[in-house]
Amino acid sequence: MNIKRHLLLLLLLLCFQIIMAQHVRVVAPRRVSVGEEFQIEYTVYTQDVRRFHLGKISSGLEKIYGPATSSQRSIRFVDGHTSSSSSISFAYVFVANKKGILTVSPARIDIGGQMLASTPVRITAVGNVNTSRASSKGSSSMSEDENTDYSSSPSSITSKDLFIKVIANKTIVHEQEPVLLTYKVYTTKNLKQLAGKMPDLVGFHVQEINLPQQKSFHKERVKNKVYNTVTWSQYVIYPQMTGILKVPSLTFKGIVQISDPDFNPFEAFGIDNSRDIQKDIIAPSLAIKVLPLPNKPANFSGGVGHFNISIQADKKEVKAGDPLSVRVVISGNGNLKLIKQPKITYPKSFEAYDVNISDKTRLTVKGTEGNMIYDQIVVPHNEGRFTINPIKFTYFDVSQQKYVTIETEKLCLKILKNKSIKKKEVDDAASLDNDIHPLKLEESSFNNFKYTFFNSFLYWFFIFILFVIIVLIIYFFRDGLKSSSADFSLKLEKNANKTATSRLDSAYAMMLKGDNIEFYEEISHALWGYVSDKLHIAVGELSRENITESLAYINIPNNVIEKFISALDECEYERYAPGDERGNMRRTYDKAITAISSIEDVSKRNKKIRKMKSLLLLFGILTIFTLSSFGINTSKNEANSLYNKGNYAAAAQAYEFLLQKNISPSLYYNLGNAYYKQDSIAKAVIAYERALRLSPDDNDIKFNLQLAQSKTIDNIPSKSEMFFITWYKSLVNLLSIDGWAWISIFSLILIICGMCAFIQIKKLSIRKTLTKIFVILIILFVLSIFLAFQQKSFICSHDFAIVISPSVVVKTTPDAAASKAFIIHEGTKLKIIDNSMDQWWEVVLDDGRKGWIEKGVAEVI
C-alpha cells in the first residue's frame, strides 16, 4: 500500500509539474560541440516574476554569462479588439567542457507567490575535449567560482562584471557642432535598478534624447566575454567654447540581485536565499577637443550643420492698410535652436509687428532637425509695387568644412489703393480662435464609403437582370399571349387538388349508383388531370415515365410516386378486367385518394421546408451582418475611448487597424483628429484629404482640413477654377459612388414599372406622358453611371501627394546635383504630373511652380 501511495503521489507531482511548466518556455540546443558557447533561454509569460532560480548544473557544463533579463510588452488589435501580452526572459550562456549527456535541472520561478517549475534540459556534447574553451583559453576564461551569482559583498562584483561605457560619436569637433553622447551599460549580473543624473556640463548646450522607459537588453561580446548590454541614456551636446572640454565622470547607483543558482529546497515555503546589494558604477570622464570656427564672416548666423532658408507671404496682392503675414523658414539639421533670428528689410511704408517664432524641430541622434518658423505681421500703408530683397543666411557646413551663404528669393508684392483702414484686422489675422471639430461617432447613410458595389459583379448582374426583364416585357407586350398562358398555368397548378377532389367526388357518387364505366373514366380523368395540372404537362404528352421523372424532380419520394403509378395501373386494369365491380371500384377509389393525398402532403411539407430554409438563410445573413457591424462599431468605440482619454497615439494605431478592414470617411476623419492632437500635421492633412475624397460634402472634414492646412508651414493659395468646373464637381460629388450606382438601378426599376403601366393603360394622353418619363429615366440611368465612374476615378487617382519630410528642396531637373528651384515643407499638397522615373517625381504646386522631388519625401493621397 505504501508503495502504491508513493507512486500515486509521484504521479500527481509529475502531472502538476507538467501543467505548471506550460507557463514557462525553455529554448535550448539538443546537440553542441565541446568548447562551443551556447544559450539556454527561459521565457515566462507574465510580468509578475518575483524570483528566478536556475536549476542545478551537471559537471561538464560551465556557466559563463547570465542571467540576461529582458521583458516585452505588446498591444495588439485582433478582429478589432485590443489585447495585450507580456513576458520576461532569462538567458544564460554556457560552454561544454566534456563529452556526454549534460543536464540542467528544472528552474524554479516564483510567480506571485506560486512556485512554478520549467522542464529540465538535456544536451549532448560531442567533439574533442581539447577544443574546450576552458582548456585552450586559460588566461581569458573565468572559473566557476568567479562567475557564481551568490557573492557576499558588493566588492565581489568587479569592473569586469558591471561597467558603463561613455561613447561620443566625435571627439574632435568645431564650435556649435553637435556631438552624440551615449551611456551604455555592460553587465553579467542581474541588474535590477540603475539611477544616475547627468551633471551640468560646462561649455556645452545639452539636450537629452527621449529613450523608451522599458529597457531592452541584448548580448554583446567584449574581449571574449558576453555581456548583457543596454543603451541607458543619450544626449546631444553642442560645445559653446573652444579648447579641451571635459565631460566629467558620473556615478550611477545600481542594485544587483545576488542568488544561488542551485536548487533551494526551502523555496517552496517562501524562503529565498537571494538578496539585493547596492553597487556604485562610475562612468568615466571624456575629453572633447573643440576647434574654433574659421574666421567668421560679418553676417554669420551662428548656424553649424546643413540648412535651407525660404520666404513666403500669405498674399501677393493686398490693399493698403490691410495686414499680410510674411513667413521665413529655416530648415535642416544642426543647431537650429541656437541660430540668430533672420532680419527682413521692409520698405519704409511697411509697419512691422513682433516676430512670432514657432519651433517645429525634433531631436535625433544626428542632432536637431526640422524647421524654425518666423512669422511676422506687416501692414503696408502706401499703394504700389514693392520688393522685399532676398534674405542672406550664412552658416558653417560641417560636411564641407566651410562657410556657405544661401539666400531666399525676392518677394514681390502689389499694394492696392484702399480708402478705409481697419486696425482690428491686424489682431484678427494674428490669431486663430477655433479648434477642430469633435470625433464622428456614427456613419451617415450616403457618406459611408462602400465603393465595392459599383462596377462589381453584383452590380452588373443586377443591371443585366433588369435589362433582361425589360427585353422580356417588350417581347411579351408585342406577342400579347405568353403572360396570360403563364397566369393560367399557375392557376391550374394551384387548383389541381381542388379539381381532382371534385372529380373524385363525382366518381364516388357514380360508385354508389353502380355506374362502373363512368366511375373508372372519372377516376382516370382525376388522376391524369391532377398530374397534368401539377406538372404543367399536357394530358396527351403524359406517360408513366415522364410522370415518374417530373415528380422526382419536385422532390416527391419514390414510395409516393409508386403509389400514384399503382393507382393509375389499378384504374386501367379494373376498368377492363371482369370481377366484383363494386368491390374493385372501392379499392380503386381508395388508392386514387391515397395517391393524390400523399403527393399533396409531401408538396405542402416541401413548401414549408423551403420557407424555413429561406427564413434561416435570411436570419443567418442578418445575424452575420449585425455581428460584423457590432464588431466594427465596438472596435471603433474602443478607439474613440482611447482618444477621449487623451491617448492619441494608441487611438491613431486603432483607427489605422480598423481602416485595414473597413474604409470609411469617419475613420479617416477620426484618424486625422488623433494625428492633429499629436501635432503630426502632415499625417493629419493626409487623413483629412482621404476622408474628403470619400465624403466630399462633409463640412466637418472641410473645416478640420482647412484648420490643419493653416498649421502647415507653406501658405500656398489654392488655384482658382472656372465656375462651371465648380458646378460640375459639385454635381459629381452630390452623392457617393454607390449612391449613383443605386440611382442607376432604381431608374431601370422605374422603367420596368412604367412599362407595366404602359401595357395596362390604354389612354393615349397617359401613354405620351409615360413615353417622356421613359426618356428622362434613360438619361438619368446613363448619367448616373457616368458620374459614378467620374467620382471613382477621382477617389482612386494617385495624382496628389502630401510632403512628409520636414523640408524638401525641389530641383529644376531630376538630378541630385541640379540647381534648386524652390523649397517646400511638410504638409504641403502637390500634384504629380510625371512619375515615369524610378527615383523622381515631377510635381506642380497650386500656385503653378513646377520641379522635381525624390520619391519617398511625399505620401500619395
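Predicted model, so just to flag it, every value in this text is computed and none were measured.
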Pairwise side-chain contact, [X] with [Y], heavy-atom cut-off 4.5 Å (strictly under):
X      : Y      : result
Ile388 : Ile344 : yes
Lys440 : Pro665 : no
Phe252 : Val185 : no
Val378 : Leu324 : yes
Ile330 : Leu336 : yes
Gln709 : Glu689 : yes
Lys316 : Lys414 : no
Val304 : Leu293 : yes

Flag, side chain of [X] to backbone of [Y], donor-acceptor distance under 3.5 Å:
X      : Y      : value
His218 : Thr229 : yes
Asn371 : Ile373 : no
Asp375 : Asn356 : no
Asn169 : Leu180 : yes
Lys296 : Gly302 : no

Candidate pair Lys337 and Gln207, rule side-chain contact (heavy atoms from CB on, under 4.5 Å), full reasoning: CA-CA 11 Å; Lys337 294 178 180 290; Gln207 289 181 285; 3.2 Å; yes
Polar side chain donor-acceptor pair, Gln240 to Glu175, under 3.5 angstrom: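 Gln240 vs Glu175: no donor-acceptor pair found between side chains.
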[X] and [Y] ion-paired at < 4.0 Å:
X      : Y      : answer
Asp846 : Lys829 : no
Arg690 : Glu859 : yes
Lys855 : Asp838 : no

Evaluation steps, side-chain contact (heavy atoms from CB on, under 4.5 Å), between Val236 and Ile209: CA-CA 7 Å; Val236 177; Ile209 297 177; 3.8 Å; yes
Could you report the tightest heavy-atom contact between [X] and [Y], atom names first, then the distance?
X      : Y      : result
Ala682 : Val803 : CB-O, 3.7 Å
Val318 : Pro323 : CG2-O, 4.2 Å
Leu201 : Pro248 : CD2-CD, 3.5 Å
Ala352 : Gln376 : CB-NE2, 3.5 Å
Ile357 : Met372 : CG2-CE, 3.8 Å
Ala818 : Thr812 : CB-OG1, 4.0 Å

Residue pairs involving residues 329-350 (criterion ring pair (Phe, Tyr, Trp, His ring centres under 6.0 Å); sequence neighbours excluded):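 For residues 329-350, and leaving out neighbouring residues, the ring pair (Phe, Tyr, Trp, His ring centres under 6.0 Å) pairs sorted by first residue read Phe350-Phe386.
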Residue of the set Leu245, Leu181, Ile167 for which side-chain contact (heavy atoms from CB on, under 4.5 Å) holds with Leu286: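 With Leu286 as partner, Leu245, Leu181, Ile167 yield a single side-chain contact (heavy atoms from CB on, under 4.5 Å), made by Leu181.
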Phe307 and its side-chain contact (heavy atoms from CB on, under 4.5 Å) partner, picked from Asp397, Asn333, Asn335, Thr394: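 Considering Asp397, Asn333, Asn335, Thr394, a side-chain contact (heavy atoms from CB on, under 4.5 Å) with Phe307 is found only for Asn335.
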I need the [X] [atom1] to [Y] [atom2] distance, nearest 0.5 Å.
X      : Y      : atom1 : atom2 : answer
Gln706 : Tyr688 : CD    : OH    : 12.5 Å
Ser331 : Ile713 : OG    : CD1   : 7.5 Å
Arg327 : Ser358 : CZ    : OG    : 6.5 Å
Ser710 : Asp314 : OG    : CG    : 12.0 Å
Tyr669 : His437 : OH    : NE2   : 6.5 Å
Leu659 : Ser664 : CG    : OG    : 6.5 Å

ring-ring contact (aromatic ring centres under 6.0 Å, His included) involving Tyr648 - partner list, sequence neighbours excluded: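 Expected list: Tyr643.
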Partners meeting ring-ring contact (aromatic ring centres under 6.0 Å, His included) with Phe204 (sequence neighbours left out):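 Per chain and number, Phe204 pairs via ring-ring contact (aromatic ring centres under 6.0 Å, His included) with no residue.
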Stepwise side-chain contact (heavy atoms from CB on, under 4.5 Å) test for Ile237 and Ile288: CA-CA 11 Å; Ile237 56 176; Ile288 297 178; 3.8 Å; yes
Test side-chain contact (heavy atoms from CB on, under 4.5 Å) applied to Lys811 and Trp840, step by step: CA-CA 10 Å; Lys811 301 289 187 177; Trp840 294 86; 4.1 Å; yes
Check against side chain to side chain donor-acceptor pair (under 3.5 Å), Thr361 and Asp359: CA-CA 6 Å; Thr361 62; Asp359 186 347; 2.5 Å; yes
Whether Tyr395 and His306 hold their rings parallel, tilted or perpendicular, with breakpoints at 30° and 60°: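 Ring orientation of Tyr395 relative to His306: perpendicular.
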